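In what follows, a structure is listed as structure tokens, so that the remarks can point back to it.
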Amino acid sequence: MPELPEVEVVRRGLVNWVRGRTIHAVEVLDPRSIRRHALGVEDFMGNLEGATVSDVVRRGKFLWMPLLDATAPLPDNPEEPRVPGVALMAHLGMSGQLLMQDAGVPDEKHLKVRFRLSPREGMPDQLRFVDQRIFGGLFVTTLISTDDGGPGGLAESPLPLIAEEAAHIARDPLDPSFSFDLFYQRLRKRRTGLKRALLDQGLVSGIGNIYADEALWRAKLHYARPTDTLRRGEAQRVLDSAREVMLDALAAGGTSFDSLYVNVNGASGYFDRSLNAYGRQGEPCRRCAAAGIHAIIRREQFMNRSSHTCPVCQPRPRNGRW
DNA sequence: CATTCGTCCTGATAGC
DNA sequence: TGCTATCAGGACGAAT
């Protein structure tokens with residue numbers, strides 16, 4: 001399940017394969033994967049064919065490739081850089097993958113969209129979007145100017161442009177421009193449970209169900225803790241925890257960078273080793289066990305999602321106030 | 001306005 | 001064995 005670390009692994013891998021290459025042809029094998037593109041599949045393809053990918057950037061779990069349009073007039077001054085006006089947007093959803101493949105590689109079972117790129121020595125010619133559950137999708141969006149320094153999210157040199165469809169997404173905890181003060185201020189105004197807030201991409205981005213449970217476990221906080229009672233230090237603790245667990249996952253995903261394809265399963269090797277809460281229902285809490293306390297990780301439904309907690313070190317809040 | 005809930009989708013698995 | 005029911009999850013738009 002791609003959350004921030006997995007999407008960042010994809011971004012880092014992809015940028016080296018596609019930057020500066022032109023999209024020669026687009027093949028949509030399943031129109032359901034073209035989401036939110038109001039003008040339809042034909043328009044989607046028309047926007048992309050002949051365009052050149054200038055970068056791969058990210059905000060939260062949204063990933064996009066700014067495009068230089070070959071049909072747009074060149075700037076009067078040749079020294080002036082060309083500025084992309086639209087971008088190919090991708091969200092991986094639950095099961096989306098962006099893979100670089102040689103033309104001879106058989107189609108994946110759930111191949112949804114194929115992009116044929118201008119040839120480049122030593123590089124695969126196809127970018128493929130593969131998605132089993134179709135929660136992810138692709139579309140073309142316009143780029144709008146932003147005064148906050150661009151997409152961020154560990155991108156190297158983002159233009160001060162953001163995909164319109166990602167403009168409402170907050171920065172992620174790994175983003176150097178992430179503001180804890182702004183996060184805490186907004187968090188305190190909410191009247192909801194802490195996990196719900198962590199999953200709200202408009203408040204803080206990149207965190208999904210897995211890393212939310214992990215961050216709460218590390219911070220020893222319960223998912224239902226009312227956000228308007230959180231002390232500054234507690235909010236700092238859960239944010240630091242989220243940052244730590246996602247950095248660990250990012251480091252684990254980084255091992256596949258030199259593979260020929262862009263790995264979207266950066267978490268696969270990581271899952272087994274480092275998860276302390278997610279998926280560990282019925283197993284002992286490692287932190288409690290180390291302290292000689294017997295505690296079993298419990299799985300409960302919260303927001304129609306499964307939530308994993310230790311009943312001893314993450315006690316449920318009583319009456320909202322602590 | 002803020003918050004919550006229903007919806008999209010497929011494959012693995014459990015239960016009869 | 002073969003059927004049906006259940007579950008997993010991100011993000012948006014509708015409903016409250």
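These numbers come from a predicted model, not from an experiment. Chain letters run A, B, ... following the sequence lines, proteins first, then strands; residues in each count from 1.
If A:R133 and A:E165 are placed on DNA chain C by their nearest nucleotide, the residue sitting closer to the 5' end is A:R133. In terms of position along DNA chain B, the nucleotide closest to A:T227 lies nearer the 5' end than the nucleotide closest to the other residue of the pair A:T227 and A:R305.
The phosphate of C:dC12 has OP1 or OP2 within less than 4.0 Å of a side-chain N or O from A:R36. Between A:R32 and B:dT10 there is a side-chain polar atom (N or O) within less than 4.0 angstrom of OP1 or OP2. Residue A:H91 places at least one side-chain N or O closer than 4.0 Å to OP1 or OP2 of C:dA11. Within the 4.0 Å cut-off from OP1 or OP2 of B:dT4, at least one side-chain nitrogen or oxygen of A:R196 is found. Between A:H110 and B:dC9 there is no side-chain N or O to OP1 or OP2 distance below 4.0 Å. Distances shown here put a side-chain N or O of A:S306 below 4.0 Å from the OP1 or OP2 atom of C:dG9. Close to B:dA2, at under 4.0 Å from its OP1 or OP2, lies no side-chain N or O of A:T192. Phosphate proximity of B:dA2 to A:K189: absent, as no side-chain N or O sits under 4.0 Å from OP1 or OP2. Not one side-chain nitrogen or oxygen of A:Q132 sits closer than 4.0 Å to the OP1 or OP2 atom of B:dG11.
A:R191 comes within contact range of the sugar-phosphate backbone alone, with a heavy-atom separation under 4.0 Å but no base atom that close.
Centre separation under 5.5 Å together with a plane angle under 30° does not hold for the ring of A:F135 and the six-membered base ring of C:dA11, so they are not marked as stacked.
The base of C:dG10 is not paired with the side chain of A:R35 by any donor and acceptor separated by under 3.5 Å.
Salt-bridge formation is not detected for the pair A:D172/A:R243: no Lys NZ or Arg NE/NH1/NH2 atom is positioned less than 4.0 Å from an Asp or Glu carboxylate oxygen.
A:I296 and A:I293 sit in two unconnected hydrophobic clusters of ILVMFWY residues. Membership requires side-chain heavy atoms under 4.5 Å apart, directly or through other members.
A side-chain donor-acceptor contact under 3.5 Å links A:Q201 to the backbone of A:L199.
Note that A:R287 lies in the cation-pi zone of A:W217, set by a 6.0 Å cut-off to the ring centre and a 45° limit from the axis.
Candidate nucleotides B:dT3, C:dG10, C:dA8 were compared by shortest atom distance to the side chain of A:R190, and B:dT3 ranks first.
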